[in-house]
Amino acid sequence: MERMNMVVALVVLLGLVGPSTGAVYKVGDSAGWTIMGNVNYGSWASNKKFHAGDVAMFIYNKNFHNVLEVSKADYQSCNAASPIATYATGNDSVLLKTAGPHYFLCGIPGHCASGQKVEINVQKASSAAPSMAPVEAPAPDSGAESSSATATATPAPTPNTNGAASTGFSVCVGIMLLLASLCF
Ligand SMILES: *[C@@H]1O[C@H](CO)[C@@H](O)[C@H](O)[C@H]1NC(C)=O
Ligand SMILES: [Cu+2]
């Protein structure tokens with residue numbers, strides 16, 4: 001049915017052009033956010049290209065750790081006393097909203113000093129190269145877990161309005177059939 005093809009085409013088009021949802025990076029990969037095993041968060045971050053809109057996901061035991069976003073100075077000195085933001089649920093998805101460096105450390109005494117800190121440098125958004133390149137293609141190296149995030153990005157409004165239109169169409173056909181049955 002022609003109408004159906006158009007709806008499908010429209011949805012696909014909106015999916016391609018629509019706002020891109022960022023990738024989700026699990027900090028420390030399988031190790032998570034910890035002081036066990038001497039995870040090198042510097043090298044974890046260094047082979048990734050973070051963009052504004054990406055998410056850094058901190059997974060940890062909330063009884064032993066937390067996540068503080070801090071200034072550069074506080075990052076360097078492991079000062080946990082004046083955080084910009086505090087996260088403590090054990091599963092914190094931190095949206096990297098702005099370009100530039102973001103500094104995170106664990107505020108439990110001694111943890112930052114023993115390496116539980118990470119600097120995430122968020123790239124400037126490349127000024128609108130729409131549709132051509134898959135801007136948010138997940139990195140080949142397993143770090144990105146963007147599939148679930150992308151799945152939720154499917155725009156809802158279009159199917160709804162089209163659904164309403166076709167409902168109206170069916171009602172019209174129904175009324176016409178009703179009138180026809182009265183006449184014959
Ligand atoms: C963390 O939360 C996300 C949803 O935000 C969920 O998909 C994931 O399974 C959670 N992970 C853990 C280890 O709890
Ligand atoms: Cu800690």
Side-chain angles (χ1 to χ4, degrees), residues 15-130 133-156:
L16 292 175
V17 176
S20 60
T21 314
V24 177
Y25 294 96
K26 185 181 168 187
V27 178
D29 293 323
S30 57
W33 184 236
T34 181
I35 51 169
M36 306 293 283
N38 287 318
V39 180
N40 189 332
Y41 293 102
S43 59
W44 172 84
S46 67
N47 63 7
K48 295 176 180 59
K49 290 230 183 300
F50 300 95
H51 297 93
D54 287 352
V55 167
M57 186 189 255
F58 292 84
I59 306 284
Y60 56 95
N61 184 330
K62 66 178 178 178
N63 296 318
F64 300 114
H65 307 286
N66 60 22
V67 180
L68 309 182
E69 181 167 5
V70 297
S71 68
K72 181 176 186 178
D74 286 350
Y75 178 81
Q76 287 169 336
S77 62
C78 280
N79 175 23
S82 51
I84 298 165
T86 302
Y87 307 91
T89 69
N91 183 353
D92 301 315
S93 289
V94 178
L95 177 64
L96 303 167
K97 266 182 262 189
T98 55
H102 295 256
Y103 302 96
F104 301 94
L105 55 79
C106 178
I108 306 304
H111 288 199
C112 174
S114 59
Q116 199 179 9
K117 60 196 296 198
V118 63
E119 172 181 350
I120 295 181
N121 280 300
V122 178
Q123 321 256 313
K124 282 203 185 74
S126 54
S127 48
V135 179
E136 54 157 26
D141 59 312
S142 84
E145 300 168 4
S146 63
S147 56
S148 61
T150 342
T152 58
T154 313

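We count residues from 1, following the sequence as given. All values reported here derive from a predicted model rather than from experimental measurement.
A pairwise comparison of heavy atoms in Ser71 and Ile84 identifies N-CD1, 3.7 Å as the closest pair. Ala52 and Val122 get closest at one heavy-atom pair: N-CG1, 3.2 Å. The shortest heavy-atom contact between Cys78 and Lys117 is SG-NZ, 3.9 Å. In terms of heavy-atom proximity, Gly107 sits nearest to Ala80 at CA-CB, 3.8 Å.
With values rounded to the nearest 0.5 angstrom, Ser43 atom OG is found 8.0 Å from Lys48 atom NZ. The structure places CG of Leu96 at 10.5 Å from CG of Asn121, a figure rounded to the nearest 0.5 Å. In this structure, the separation between CG on Leu68 and CD1 on Ile108 is 8.0 Å, given to the nearest 0.5 Å. Here the straight-line distance linking atom NZ of Lys26 with atom CG of Asn91 works out to 9.0 Å at 0.5 Å rounding. Note that the NZ atom of Lys49 and the CG atom of Asp54 stand 12.5 Å from one another [nearest 0.5 Å]. The line from CZ of Phe104 to CG of Asn66 is 12.5 Å long, rounded to the nearest 0.5 Å.
Counting only N and O atoms by type, the side chains of Ser82 and Asp74 include a donor and acceptor under 3.5 Å apart.
Using cut-offs of 30° and 60° on the angle between ring planes, the pair Tyr60 and His65 is perpendicular.
If you run ring pair (Phe, Tyr, Trp, His ring centres under 6.0 Å) between Tyr41 and each of Trp33, Tyr75, Tyr103, only Trp33 comes through. For the side chain to side chain contact (heavy atoms under 4.5 Å, CB included) with Val39, the qualifying choice from Val27, Thr34, Asp29 is Thr34, the only one to do so.
In this structure a side-chain-to-backbone donor-acceptor pair under 3.5 Å is present from Asn61 to Asn63.
Disulfide criterion (SG-SG under 2.5 Å) for Cys112 and Cys106: not met.
Here the side chains of Asn79 and Val70 are not in contact, with every heavy-atom distance at 4.5 Å or above. Considering only heavy atoms from C-beta on, Val118 comes within 4.5 Å of Phe58 through its side chain.
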